Structure formats: structure tokens, C-alpha cells
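What follows is a single structure, written as C-alpha cells, with notes after it.
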Amino acid sequence: MPELPEVETIKRALEKSILGKKITGVIVYEPRVIREPKKEAFIKGLQGVTIKNILRRGKLLILELSSGKSLAIHLKMTGQLVYPGNGKASRVSFKLSDGKTLDFNDQRLFGELRLIDNWHDLKFIQKLGPEPFALTPEEFKKRLAEKKTKIKPLLMDQNFISGIGNLYAAEVLFRARINPARPAASLSGKEKELLFKEIKNTLQEAIKYQGSSVDSYVKLNGQPGNYVKYHKVYDRQGKPCLVCKQSIQRIALGGRGTYFCPHCQPR
DNA sequence: AATGGGACCTGCGCGC
DNA sequence: TGCGCGCAGGTCCCAT
């Protein structure tokens, strides 16, 4: 479940530690995580290239390379990047010119590595909604206007707005005091403004604390992020609401576990 | 357009 | 105790 704050945390750490270094070799332990091209071409295409630029779009990490190609990394549920690598449970290991390795770990193999000519051409990128931090309240309200879906699945829709997953959708809606099952179109102008504000606030705060380590997210150095202790609803079912003391509920919405306070977030 | 389901995966927690 | 089952969720894809 790495979402925008977790991927941003990793991106910033990568910039400090591997930017400008050369990939001197690639060891593939689990070919299934390499989505394109085939393993041999993937290894060959990365051999000897320098990492020129590191970007994030939504939850996707992009390393631009001296060859003109890019390495796109999606961590999906359980993907990790660890530097310096320790070789433990690594699916793919990148040897760098500093003698250390960058390890890609992924227990469940949902993660995706792609070596591509132009990352702008990725279908995922072409359909991707705007970055929360590059959006104005007016634009956000406008995008919300015609939507008939429930607000929580909509926030998680990467084509609507990028970077928000199950965890931060729950946290944001609690802070905006909006019930996750509300139809998006039913939100008042004030609620839309507050929601947008809380999206930015929550993501910013989570980045400050370097992400939420529930499940398997770790920072580039292998250590957990610190934001879990600030969660107000996620994974807190049955526990007292930090505002009103009522029990936090968990329901299924769009097939996903959804946490909220029935008192603070009424229908 | 929206919604629901399955697929991809594996480790964990639960019930019996 | 041990086993089998369901669940967890990011994204894509298909069906309705």
C-alpha cells in the first residue's frame, strides 16, 4: 500500500543517495516482476547507464537514464526499494558504481519494473489524474462536479486524482468529516473545499513523517515510516474515535475495507 | 458512466 | 496442534 507519501519519501531518499550513479549490473531473482522488456533485454538495457533524474507521478517512481530510456517502478502492495541492499528477499538487485546495491523486494509480486523508451507513453501515465499538489481548489471542485460515484472510491481513482489509496482516502475523509459513502455530487461547496484542503494537509503531514508503515512499507534505508501513530481511523475498527470516543467502524465500499466514525462522519 | 467481479500474488489470522 | 480457507489491496480487464 505505498501511496503518494510513501513513494515521495522513497523518491527523495533516492535523489540523495543514487542520483548520478551508474548501474554496473542487474541480478534478476524473480523475472515475473519485470513487465517489459524480457529479462535479458532488461538487464542489457540497464547495464552501464547513469541515473540522470528521479521523478514521481502518482504512486509511480521513474528513473530517467543516460540512455534516454526510463526505469518505471510501481511498488503496488508490498514492493520495497532498499539501499544499500542487504540481499535479503530481493527480487531484483541493481549493482551501482559505488559498490552498493539497490534492492527491489516484493513479497507478493504485484510490483512492476519497466524499462521503456518514453515513460510519457505509458497507458498508466496517460490516464493518470492530476497531482494533488498541482491542483487548485477550483479545479478540484470542477472535477468533482459531474461525478456520480461515492466519494471514497472516487478519491482512490487514480484517473480522478493521483496518489491517494485506501489508507489516505480514509484519513482524509475523517478529517473533512465526510462519510465515505456519500455521493460525490452531494457534497456542498464548503465540503468540497474542506476536502481538498485536508487532502493536501494529510498528504503533506504524512510526507513529513515519512509515510505509514502498515504491512510492508519501509523507507529506502529499510526503516519504517512514522505516520501510523497519527492515523485517526485506518485500521482502528472498534477503537474509540479520537474526537468523540465512539467506536470506529469498518465497512466494505467498492470491495475495499473502509474505516470511519459514524458520529463524526454522518450520512 | 458506473459498478462489480476476477485476476494477479503470498502471508497471515481465524475457525474448527 | 494443524490445516484450510478467506482476506488484504493497486491496477487492469471484462461484463453488465
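By convention in this document, chain letters (A, B, ...) are assigned in the order of the sequence lines, proteins followed by strands, and residues within each chain are numbered from 1. Just so it is clear, the model here is predicted, and its values are computed rather than measured.
Counting distance only, with no hydrogens placed and no angle test, the side-chain atoms of A:Arg256 and the base atoms of C:dT11 include a donor-acceptor pair under 3.5 Å.
Looking at heavy-atom distances under 4.0 Å, A:Glu112 makes no contact with the nucleic acid at all. Note on A:Tyr234: only backbone sugar-phosphate atoms sit closer than 4.0 angstrom, heavy atoms only; bases stay farther off.
Listed nucleotides: B:dA2, B:dT10, C:dG10. Nearest to the side chain of A:Lys148: B:dA2. Of the listed nucleotides (B:dC9, C:dG10, B:dG11), B:dC9 has the atom at the smallest distance from the side chain of A:Arg32.
Taking atom CD of A:Glu146 as the reference point, atom P of B:dA1 lies 11 Å away to the nearest angstrom.
The only member of A:Arg56, A:Lys208, A:Lys219, A:Arg57 that meets salt bridge (charged side-chain N to carboxylate O under 4.0 Å, His left out) when paired with A:Glu8 is A:Arg56.
Here A:His74 reaches the OP1 or OP2 of C:dT11: one of its side-chain N or O atoms lies under 4.0 Å away. The side chain of A:Gln158 places no N or O atom within less than 4.0 Å of a non-bridging phosphate oxygen (OP1 or OP2) of C:dG10. OP1 or OP2 of C:dT11 sits under 4.0 Å from a side-chain N or O of A:Lys59.
For the pair A:Phe110 and A:Gly255, nearest-nucleotide mapping onto DNA chain B gives the more 5' position to A:Gly255.
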Represent DNA chain B in dot-bracket notation, 5' to 3'. Only Watson-Crick or G-U wobble pairs with both distances under 3.5 Å count; pseudoknot-style crossings use [ ] and interstrand partners use |. .|||||||.|||||||
